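Note that the structure is a prediction, hence the values are computed from the model and not measured.
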Amino acid sequence: MHLPAALDDYTGGQRRQDVSAVTLGDGMRALNRRMPGIAFRILDETDSLREHIRIWVDGQEQADLSVKVSPEAEVHVMLALSGG
Amino acid sequence: MAQSKYKHRPAPTRKGTVQLLVGSRKGAFRIKSDAARKTWKVASTWFLGNVVHHIVEDPRRKNYLLCAARTGHLGPTIFRSEDGGKNWKEASKPPAFAPASEGLLQRTVNHTFWLTPGHPDEMGCWYAGTSPQGLFRSRDGGRTWKPVKGLNSHPDLDLWTGGEKDGTPDGPKLHSILVDPRDARHLYVGMSGGGVFESLDTGRSWKPLNQGCSMDFSPGDLDYGHDPHCMCMAPTDPDRLWQQNHCGVYAMDREEGKWDRVGDNMPKKIGDIGFGVIVHPKDADCAFVFPMDGSGVWPRTSPNGEPAVYRTTDRGASWKRLDKGFPKQDAYWSVKRQCMAHDGHDPLGVYLGNTGGEVWGSVNGGRSWRNVASHLPHIYSVEVSGVHP
């Protein structure tokens, strides 16, 4: 998973994080176990993406957390060109 | 009202240096004075780039701060500091709505707008009000937050709040969470929109408290759906409430249960529209408001570009314009609902933050004003460290 600089307080600047997951949602939960609180900055309480955040899985934009991801998947969490 | 073991006494007169806690669209700031309150400087900058709606020090525990923040992209959270802002930790469970009850809209927290320390009998208890309208409580000093189900899951909540069209420009919100100092179970909240609501059982049940309030944006005469902008409780008489509403300035003596539009006694050319209201810590009849232009398309700026505070000392029967020191013309700023505060000193220090990133202060009860800080971002809140009405 590739995370934006805005989340450096959680990642300590390690913007690439390797997690094991079957789905995108699993990946977010794994990330949150490692860095408590990070998921709620990206997703709301209904597990929907925050308004100005976008996620790509292997180059395909995804908003559905149930989408399956391969063991080698590259997930990019990006800040949209809005929201500042 | 049942009495708690806590004997209510208004806070003693404060003295010495004053610290202002300022929330803004781009971060939080601490502004410190000298002991005479003559010179001021920005002493701390926190969470630069974050939208900080409210930052409050716990009056029960020195140097314990809570800060409600989000960024333009990242979701809302609450930070706390136990050492006066040197170090901050994030809530492990920030305010978040539970799955909606059947028939109710599913809400998601956009931001935490308001923070209120709980009753002195309940150390560690805090309340938070969110946008959209939600009430949350922490029992552990802000580490974890739970919805107050009696309000957030009330079957009439959607009816009371009126849906998305009744929000303010920054989103509908719950604010002005007031805890009766004589009884921790007795709470008031304001909802924009929705109105003022009261609970006598720590939030398990709620009743509207809007009788007497105008509602000129609705053709009906309802018990709910009003737009209180800000409400406060007199420390010397917790049954005296003050309210700056979308439709005027009001006072209420709780045993009467009806809001009295005392803003009708303000000059007609100024009107009685505004956002904030504060009450004097030693005088329940003395309150301060900052009128804005609520005419036509609602510019929400100082009327005629001439900012002024108005003060009453007779429960709103008359009002005095206090503009000495403010710009005399072309000052088209406004003061949002969390942007007025006092310091509890004698003479009373009164402070306000404006939409132009300035903080103004008066150390003589409002008679004259000085600029305390400039060039900050758009200011969302001003609190005095250790003082919370």
Side-chain angles (χ1 to χ4, degrees), chain A residues 1-17 19 23-57 61-66 74-84, chain B residues 24-27 46-52 67-81 87-101 104-112 128 130-132 134 136 142-147 149 152-153 164 170-171 377-378:
Chain A
M1 299 184 79
H2 301 269
L3 301 167
L7 293 167
D8 279 358
D9 284 349
Y10 296 90
T11 64
Q14 296 296 312
R15 296 177 194 163
R16 175 180 161 155
Q17 297 284 328
V19 298
T23 67
L24 183 56
D26 291 341
M28 296 303 299
R29 285 185 281 275
L31 195 64
N32 198 60
R33 281 193 293 276
R34 189 177 301 168
M35 291 168 271
I38 194 170
F40 195 62
R41 309 305 301 274
I42 300 169
L43 306 169
D44 68 22
E45 51 268 68
T46 65
D47 273 352
S48 298
L49 273 180
R50 298 281 176 194
E51 184 180 8
H52 300 298
I53 290 183
R54 306 171 80 177
I55 293 182
W56 277 265
V57 178
E61 186 165 6
Q62 295 287 353
D64 178 4
L65 294 190
S66 67
E74 296 273 330
V75 175
H76 286 83
V77 177
M78 310 282 282
L79 306 184
L81 289 174
S82 57
Chain B
S24 85
R25 188 169 181 272
K26 293 290 181 181
W46 297 303
F47 305 110
L48 191 63
N50 283 252
V51 182
V52 175
C67 178
R70 61 164 294 152
T71 78
H73 294 92
L74 305 180
T77 192
I78 292 180
F79 296 100
R80 73 180 181 282
S81 173
N87 298 283
W88 294 89
K89 290 180 180 172
E90 185 181 352
S92 60
K93 193 176 178 193
F97 286 103
S101 305
L104 276 182
L105 293 171
Q106 175 65 55
R107 287 171 160 79
T108 59
V109 174
N110 178 277
H111 58 270
T112 295
T130 60
S131 173
F136 296 83
R143 291 170 177 80
T144 62
W145 295 83
K146 289 182 178 174
K149 291 181 188 171
N152 297 1
S153 301
E164 292 181 356
D170 286 340
H378 182 137

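- Put simply, the side chain of Arg50(A) gets close to the backbone of Leu43(A): a donor and an acceptor are under 3.5 Å apart.
- Contacts of Val51(B) with chain A are absent, with no heavy-atom separation under 4.5 Å from either backbone or side chain.
- The candidate from Asn110(B), Thr108(B), Val109(B) with the greatest count of non-hydrogen atom pairs under 4.5 Å with chain A is Thr108(B).
- At a 4.5 Å heavy-atom cutoff, the contact between Pro76(B) and chain A is made by backbone and side-chain atoms alike.
- Aromatic pair Trp46(B)/Phe79(B): centroids not less than 6.0 angstrom apart.
- For Gln14(A), the side chain to side chain contact (heavy atoms under 4.5 Å, CB included) criterion is met by Gln17(A), not counting sequence neighbours.
- Phe136(B) is listed as a side-chain neighbour of Asn152(B), based on a closest heavy-atom distance under 4.5 Å.
- Inter-residue side-chain proximity for Thr23(A) and Ser66(A) is flagged as unmet; no heavy-atom pair is nearer than 4.5 Å.
- For Ser101(B), the side chain to side chain contact (heavy atoms under 4.5 Å, CB included) partners two or more places apart in sequence, or in a different chain, are Leu104(B), Ser153(B).
- Looking at Leu79(A), both its backbone and its side chain come within 4.5 Å of chain B, counting heavy atoms on both sides.
- Taking non-hydrogen atoms and a 4.5 Å limit, the residue list of residues 2-12 of chain A in contact with chain B, ordered by number, reads Ala6(A), Leu7(A), Tyr10(A).
- With sequence neighbours excluded, the residues satisfying side chain to side chain contact (heavy atoms under 4.5 Å, CB included) with Ser92(B) are Thr144(B).
- Remark: side-chain polar atoms of Arg41(A) are paired, donor with acceptor, to backbone N or O of Gly75(B) under 3.5 angstrom.
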